[in-house]
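These notes are about the structure you will find just below.
Naming convention: chains lettered A, B, ... in sequence-line order (proteins, then strands); numbering from 1 in each chain. Note: hydrogens, waters and symmetry copies are ignored here, and every other heavy atom, side chains too, is used.
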Protein chains: 2
Amino acid sequence: MPNNQFKRGELYSFMTGKASTAIARRLQKNFKQAGIDITVEQWSVLYHLWKQDGMSQQELCNATFRDKPSITRLVDNLEKQKLVKRVASKDDRRMNLIYLTDDALKLEIQTMELANTTLNEALEGVSSEKISICKEVLQIVYDNLK
Amino acid sequence: MPNNQFKRGELYSFMTGKASTAIARRLQKNFKQAGIDITVEQWSVLYHLWKQDGMSQQELCNATFRDKPSITRLVDNLEKQKLVKRVASKDDRRMNLIYLTDDALKLEIQTMELANTTLNEALEGVSSEKISICKEVLQIVYDNLK
DNA sequence: GGCATATAGTTAGTTATGCAACTAACCAAA
DNA sequence: TTTGGTTAGTTGCATAACTAACTATATGCC
């Protein structure tokens with residue numbers, strides 16, 4: 001027995017992700033205004049490389065919840081912009097290890113600040129408790145479906 | 001003073017919309033399995049037309065939180081699939097009013113059931129109270145940024 | 001060693017998104 | 001009524017997504 005029943009279309013905006021679209025758009029706008037010329041999708045890849053440099057493309061797929069072709073193209077574009085480099089792994093020549101360039105390292109602090117600013121804009125007027133619950137729910141949704 | 005400060009990247013998945021991506025993907029998969037050949041984006045347009053047929057493209061932009069070119073192309077594709085028709089407004093010839101075809105009317109019940117199923121899959125194990133709070137937070141985020 | 005299978009990544013084709021620039025129609029003020 | 005601004009929609013370009021099919025390398029079993 002499902003533990004929730006919804007009225008017709010009640011959770012439409014939940015499903016269609018208007019909130020996350022709005023956040024992504026605002027973050028993109030904030031990047032642009034700061035003169036930072038990367039897409040939010042590219043940023044999400046850099047984000048994981050800042051945490052751990054030299055990940056393989058497959059690891060980036062898992063981390064960013066994207067499929068392999070998407071990561072191929074994102075890395076293509078990041079490489080064009082000289083933000084990352086593909087390096088063939090010596091252990092397993094099927095793998096590309098992705099390394100940040102100095103240019104990309106310089107972007108970390110500034111973009112993380114912009115991300116924080118964006119979230120503060122988004123969550124203005126929401127209590128920490130509610131944010132926490134919301135985050136928890138979204139995590140469960142992700143785990144249920146991934 | 002912002003009322004929330006986040007640890008570095010703490011809300012990454014909040015920002016990048018993994019949960020809504022996962023829901024959209026699952027809904028798409030459920031459509032496909034049921035033999036329904038529309039994209040979730042197309043469904044989101046049909047959704048609003050089921051509530052109110054004959055909306056203009058601009059109204060669909062506002063309703064679906066998309067820009068005008070996106071709606072132009074979605075309506076193009078829906079028209080190709082014979083699910084909607086563009087009808088020039090008599091009052092204002094700049095406007096196209098978008099009307100559902102019989103084929104599209106037939107899809108409503110089945111796809112709304114699939115949407116419900118998908119949401120139940122997504123929200124399995126989450127209490128109604130938490131869902132309610134999460135929905136409220138997402139609405140505020142949307143209102144803050146739109 | 002050799003073959004089947006699995007894994008990492010790329011390529012091709014379709015759909016979707018965002019921005020900018022454009023056309024057409026409407027409207028209001030001179 | 002003409003001029004100038006606004007609104008509705010389209011088109012072009014770049015990026016991104018998913019699916020399916022592909023190449024190349026690795027691995028495991030005989």
Residue A:Arg73, side-chain atoms from C-beta onward, closest of C:dT11, C:dG18, C:dT15: C:dT11

Separation of atom CD in B:Gln42 from atom P in C:dT14, rounded to whole Å: 15 Å

Phosphate OP1/OP2 of D:dT7: any B:Gln57 side-chain N/O under 4.0 Å: no

N/O (side chain, B:Ser56) to phosphate O (OP1/OP2, D:dA8) under 4.0 Å: no

Touch class at under 4.0 angstrom, heavy-atom based, for B:Ile71 against every strand present: nothing

Value in whole Å for how far the P atom of D:dA8 lies from CD of B:Glu59: 9 Å

Of A:Lys29 and A:Asp76, the one whose closest DNA chain C nucleotide lies more 5': A:Asp76

Length of the line joining A:Leu60:CG and C:dA8:P, which is rounded to integer Å: 13 Å

Atom-pair distance (CZ on A:Arg26; P on C:dG18), nearest Å: 14 Å

Whole-Å distance separating the CD1 atom of A:Ile38 from the C1' atom of C:dG18: 16 Å

Distance-only donor-acceptor check, side chains A:Glu59 and A:Gln52, under 3.5 Å: no

Residues, nucleotides or ligands: over 12 heavy atoms within 6.0 Å of B:Leu105 CG: yes

Integer-rounded Å distance: D:dC18 C1' and B:Asp37 CG: 13 Å

Comparing A:Gln81 and B:Thr21 on DNA chain D - which has the more 5′ nearest nucleotide: A:Gln81

Under-4.0 Å side-chain N/O to phosphate OP1/OP2 contact, A:Thr72 with C:dT10: yes

NZ or CZ of A:Lys18 within 45° of B:Tyr142 ring axis and under 6.0 Å: yes

Reading 5' to 3' through nucleotides 20-29 of chain D, protein heavy-atom contacts under 4.0 Å coded B for base, S for sugar-phosphate only, - for none: B---BBS---

OP1 or OP2 of D:dA16 under 4.0 Å from side-chain N/O of A:Asn77: yes

B:Arg25, nearest nucleotide to its side chain (from C:dA16, D:dC18, C:dG9): D:dC18

A:Arg93: partners by salt bridge (Lys or Arg N to Asp or Glu O under 4.0 Å), with sequence neighbours left out: none

Sugar-phosphate, base or nothing in reach of A:Asn96, heavy atoms under 4.0 Å: sugar-phosphate

B:Ser89 and B:Arg94 side chains, donor-acceptor separation under 3.5 Å: no

Sugar-phosphate, base or nothing in reach of A:Gln28, heavy atoms under 4.0 Å: nothing

Side chain proximity check, B:Asn96 to B:Val75, heavy atoms < 4.5 angstrom: no

Over 12 non-hydrogen atoms of neighbours within 6.0 angstrom of NZ in B:Lys82: no

Distance below 4.0 Å between A:Arg86 side-chain N/O and C:dT10 OP1 or OP2: yes

Phosphate contact (C:dT17 OP1 or OP2) by B:Arg66 side-chain N/O below 4.0 Å: yes

Nearest-Å distance for atom pair CG/C1', residues A:Leu74 and D:dA14: 13 Å

Nucleotide nearest A:Met95 (side chain, heavy atoms from C-beta), chosen from D:dC18, C:dA8, D:dA17: C:dA8

Between D:dC18 (P) and A:Glu41 (CD): distance, integer Å: 11 Å

Spacing of A:Arg86 atom CZ and A:Gln57 atom CD [to the nearest 0.5 Å]: 4.5 Å

